[in-house]
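A short worksheet on the structure shown next.
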Amino acid sequence: MKDTSYPVLVAENITVRYRKGRQHFTALDNVNVRIPHAATVGLVGESGSGKSTLAKAILGLVPITTGRIELLGQDITHLNGRRRRGLGRSIQAVFQDPNTSLNPSFTVGRSLIEPLKAQNMLGDIDVDARVAEVLTAVGMEPDAASRQPRQFSGGQRQRISIARALITNPQVVVCDEAVSALDLSVQAQVLNLLTDLQRERGLSYLFISHDMSVVKHICHEVTVLYRGTIKESGPTQQITTQPADPYTKALLLAAPIADPVVQRQRQRPTSAVPAPSRTSLIS
Amino acid sequence: MTVTSSQRSSAALPNAVPRRQGWLGQAWKRQPLGVIASIFILLIFVLGVLAPVIAPFKAGQQDLLVTLNGPSSAHWLGTDALGRDILSRLLYAAVPSLTYALIALAVFLLIGVPLGIVAGYRGGRIDSVISRVAEIAMSIPAVIILLVVLAVFSSSPIAAMITLGVLGSPGLIRVVRGVTLVVREEAYVTAATVAGVKPVNIMATHLVRRALGPILVQASVFVGSALVIQAALAFLGLLSDGDRPTWGGMIGEASQVISLTSWPLVPAGLIIILTVMAFGLVGDAIRDATSDEASPAGRRWRRRRAKTVTPAANQFDLDTKNHLLQVRNLRVSVDDGVTLVDDATFSVAQGEIVAVVGESGCGKSVTALGTLGLLPPGLHVDGGSVIFDGVDLLSRGAEAYAAVRGGGIGYVAQDALGSLDPTHTVEGHLREVILRHEKLSPAKLKQRTHELLQQVQIADPARVLKLYPHEISGGMAQRINIALALAGRPRLIIADEPTTALDVTVQSEILHLLRELQQSTKLSVLIITHNWGVVADMADRAVVMYAGEVVEMGDVYTVFQAPRFPYTAALLAADPSVSPLGKRLETIPGRVPAPGSRPTGCRFAGRCPFATEACLDGPLPLRVVPPGSVTRCIRAEELASEGVLDR
Ligand SMILES: Nc1ncnc2c1ncn2[C@@H]1O[C@H](COP(=O)(O)OP(=O)(O)OP(=O)(O)O)[C@@H](O)[C@H]1O
Ligand code: SF4
Ligand SMILES: [Mg+2]
C-alpha cells in the first residue's frame, strides 16, 4: 500500500569503488533503492555486504563512482560544500554505537542544538521549546538537556541520538544499525518510537540491520545485499515468506526464532544445507 | 532576534557554576597532588606579578657591603655577588621566566594543535604532507638550530623561545593527529557532518575538545622543558636579558662565583626544579583524569583469586546432586563493597546445554568469571559455592582452579578476534595450550593440532594453521577459540556470548558446531547470551538472570511456553522474532536497578505490573513451582492460574 506513494529518496545504479593502494575494490555494484514517503525500507545483509557504504553514499560521506541520488526531487549526487551541508534540514542519520553517538564532553542540550546551529535555524524557532519537544517525542524528560551523556543508559543515549536526528524536522532518517547495540526491552522501545514518529510526522526511514526479525517487524520493504549487489528486493511480506533467492533463504533460516518448538524444526535443513558464507570464512 | 535566541539556547545549557565547584571538589579528592601543584604554579605567578609591591628590595639594588651572604634577617635568602637580595630577584624573575616559557608554549600549541587536527581529520594528501614535514623536523638536531637562531638574533630570548616552540610542535602534531584519527570515527562526528556542521567547526569544537586531555598533558610537559632549556641557555650565557633578572640568568651568575660560595645557586635552582616538577604533576593529573573519562568501556578481565568464602545452604530441592557443575548462592562484590551478583544458583549436568540469558549488566559475565575463578582485579567472590565434578573449587582455592581450568572447564570469550594474539599463528596458539596440558613429541603435537581443527570443522587444517589472526574472519576466529578451549579435553565449556559479534549465518554455524560437539563427545555447555533465539536453538535448560540474581530457571520448553517470573514473560514478549507483525512490541517500563541501589524485596518490583506490597517484604528465595520451574516470584502460582504469564 505504501509503495504507491511518491518517493522521497531515490538512489539509482549506485556504484562505489574504494581504492586500496593500487587495487580497486567495488563496495557497491549498481544498487537501486527507492524510499517512499512515510515508509521504511530495510537493508539487510551480512557484514561487509555494503550496507553502511550505501548509507554513507546517500549521506554524502563517501564519493559515488557512478549513479544518481535524488532527495525530494533534487539531484544531490555531486553536491558538496555549503549546498551539501544544507541537506541537513531534510536528511539525518542515527548510528549504531550508543557509546560514541554523543560527544561525552557536551551536555545533551548542546548536542541537540548542534544541527540547528549548523542549519542557521536558531533564529527561526524557539530553541528551548524545540529541544523539549524532541526529547519528549523520544520519551525523555526535557530536563535531560542539561545533563551529560554519561548519566544515561545506552538505550537513553540512543533515544537522544534519535532526538538529535529529528530536531531539524527532516523527511528522511537513515538508521544504520540504530538498535543493534540495544537490549531487547530497550530495542522494543526504540522500534515502537520509530514507528510512532513515522505515523505522527510522515517520516521515511532507510533502516539498516543485520537482524532479520527486527527488519521483518519494522520495514515495509526489504532489500537484500550480498557483497555489494542486490540479491532481492520487494515488500517485506513477500521477501520473508516467499524468498526467491537462495541467499535470502539462508539468511532467513539462519536467524533463530525465539520459540524452541519452531526453532528446532527449522534446524534440520540448516545442518543439511551449509550456509553460503561457509566458503567465505577466510577473508 | 538573534540575541534572544542565543539567550534561550544558553538557558538550555546547564548553569556552569555549581558543576565547576563539584568538579573542583572531585579533583581534590582524586588528584590532590595535581591540585597542590596547580596552586603552587598559580602562587609563583601571583607573587611574581606582585613583586614590585612585596619584594623587600628593588631587583637591581646593589649593596656591595653584603656580597655573597647567606640567609639573614635582612636578606632572607642571602645576597649575590653584587650584594643584591636573592629573594627579591627571584620574585622579579618569576614573571619573565614564566612568560618566556609561555611564549614557547603558545607557539608550540598554535602550530601543533591545528596541524595535528587537520592532518588527522582531513587525512589523504594533506595528512601525508604534514606528517612528512613533522617527521623531518623531528630529526633535525634542535640544539644546533637554537644556537644558529641565537647567533642571528643576538641572543634574543624571545627568538629562542619561539624557535623552541616550533621545534617542539612536531611531537604535539603527532599526538593530536593520533587522537583525532580515533575521534573522527566516532559516531557523533559523523552525525555532525550529516547535520551540516562545517568541517572547521567540527574540528574546532568536537575534535579539539576531545583532544584536550592529551594536549594539556603535552603542554605541561613542554612548559617544564622550556623552563629548563631557558635556564640552561642562560647558564651558558647565551641569552641576553639586559638588567632584567630571570631564574636561568641567576643560575648563570651564581655559577661564576661557585668557587667562592655555592649558596646563590640553591634558591634559583630549587625554584626551577619545583616549578618543573609542578608542571609535570599537573600533566600527570590531567592524564589520569582524562583517561578514565575517555574510556567508559575500558574494562579488562584479569585473573584473580577468590577471597573469603562462606558456603551457603541450598534453598530449594531439585535433584542436582550428580550434576557436573553446581553453582550455589554465588556472590560477587567489588572490593569496596557493592555487590554485583547476589545469588547465582544453577547447575549443568554432564552432556547438557544450559543457557544463561538476561539483559546487559545483569551479571551474566561476572557470574561466569566468578565460576571460573577468573574475576578481574577489584572484584572478588564473597559467598556461595562452586562444585565441579564433586570438588568445591571455591573452598579449595587456587590450586583446585588451576587443575580444573582448561582441563575440566574450557572458556570461550565473546571477543573472538580480540582473544587471539596478533603476533602468533593459529598453530602457535594451539601448541602453547596443548603443551600446557600434555607433553607431546613434535609429531604427536602436530597431529593433535590437526585433530583439534577438524573437531571444530575446519576443512583444511594445514593451511589454517599457518594463518595469523588478522588473516581470518570472525567466524573462523571463534572456531579457533573453541578449538583452544577443547585442547585440554574439558568436560564443560563456558561460552560467554560466543556468537554476539558474528553474522547470523556464521552464528548458526557456530551454534551448530557446539551442538554437535555436545552430542558427539557428551560435552556440557554453559552458554551466555541475551538472544532468546539462541536459547531456543541450543539449550536444554534456561537460566534467567535479572539485576544480579537468578530469577527463574527450568526446562527450555517450559520457560518459553509457561514462564513463571513476570520479567521472563516480559522479555520474551519484547522479542520481535515472535511478536505478531504490525503490532507494537511489548516494552518494560523503567530500567534495571543499578548494583548499589537494588530494592530489598523482589528486584523487579519497580517495573512489574503485578507487584504488591508483599513483593517488597525482604529477599525472596528461589522455589519450585508447577510445572517444575524454579522462580523467585511469590505470586507465580496465582499469576499462572490467571494465565497472564503463559504464551
Ligand atoms: N570490574 C568491575 N568493577 C565494577 N563493576 C563491574 C565490573 N565488572 C562488571 N561490573 C558491573 O557488574 C554488573 C554486571 O556486569 P556483567 O558484565 O556481568 O553484565 P552482563 O550480564 O554480562 O552484561 P552484558 O550483557 O552487557 O555482557 C554491571 O552493573 C557492571 O557494571
Ligand atoms: S514477586 Fe511480585 S514484583 Fe516480583 S515478579 Fe512476582 S509479582 Fe512481580
Ligand atoms: Mg557479558
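Throughout, a chain's letter reflects where its sequence line sits, starting with A, and its residues are numbered from 1.
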Side-chain touch L184(A)/P576(B), heavy atoms, less than 4.5 angstrom: yes

Q561(B) side-chain N/O to D259(A) backbone N/O, donor-acceptor pair under 3.5 Å: no

L191(A), part contacting chain B, at a heavy-atom distance under 4.5 Å: side chain

Side chain to side chain contact (heavy atoms under 4.5 Å, CB included) between R607(B) and S185(A), intermediate numbers included: CA-CA 12 Å; R607(B) 311 170 73 190; S185(A) 67; 4.2 Å; yes

Proximal component of I91(A), with respect to chain B [non-hydrogen, under 4.5 Å]: backbone

Among H210(A), Q187(A), Q92(A), residue most engaged with chain B (heavy-atom pairs, under 4.5 Å): Q92(A)

Most contacts with chain B, counted as non-hydrogen pairs under 4.5 angstrom, among L112(A), D196(A), V214(A), D176(A): D196(A)

Flag side-chain contact, heavy atom, 4.5 Å: Q263(A) against S577(B): no

Contact leader toward chain B among P170(A), G45(A), S101(A), A129(A), where contacts are heavy-atom pairs under 4.5 Å: S101(A)

4.5 Å side-chain heavy-atom contact, T205(B) and R110(A): yes

Most contacts with chain B, counted as non-hydrogen pairs under 4.5 angstrom, among A258(A), P256(A), G60(A): A258(A)

Sequence-distant partners of D503(B), salt bridge (charged side-chain N to carboxylate O under 4.0 Å, His left out), two or more places apart: none

Test item: side-chain donor near acceptor, E114(A) and H206(B), under 3.5 Å: yes

Residue selection (most heavy-atom pairs with chain B, distance under 4.5 Å) from Q237(A), M212(A), K56(A), R164(A): R164(A)

Sequence neighbours excluded, every pair satisfying salt bridge (charged side-chain N to carboxylate O under 4.0 Å, His left out) that has a member inside residues 186-201 of chain B: E186(B)-R210(B)

Any Y188(B) side-chain heavy atom under 4.5 Å of P104(A) side chain: yes

Which atoms of Q96(A) approach chain B - backbone, side chain, both or neither, heavy atom under 4.5 Å: neither

Side-chain donor/acceptor of S360(B) to backbone N/O of D183(A), under 3.5 Å: no

V578(B) backbone acceptor or donor facing H217(A) side chain under 3.5 Å: no

Q119(A) side chain vs A195(B) backbone, donor-acceptor pair below 3.5 Å: yes

Approximate separation, where rounding is to 0.5 Å, of T195(A) OG1 and L585(B) CG: 7.5 Å

Distance-minimising heavy-atom pair for P260(A) and V556(B): CG-O, 4.1 Å

Among G533(B), A536(B), A574(B), residue most engaged with chain A (heavy-atom pairs, under 4.5 Å): A536(B)

Backbone of A254(A) reached by a side-chain donor or acceptor of T505(B) within 3.5 Å: no

From CG (D537(B)) to CZ (R264(A)), nearest 0.5 Å: 7.0 Å

Distance (rounded to the nearest 0.5 Å) between R584(B) CZ and L193(A) CG: 9.0 Å

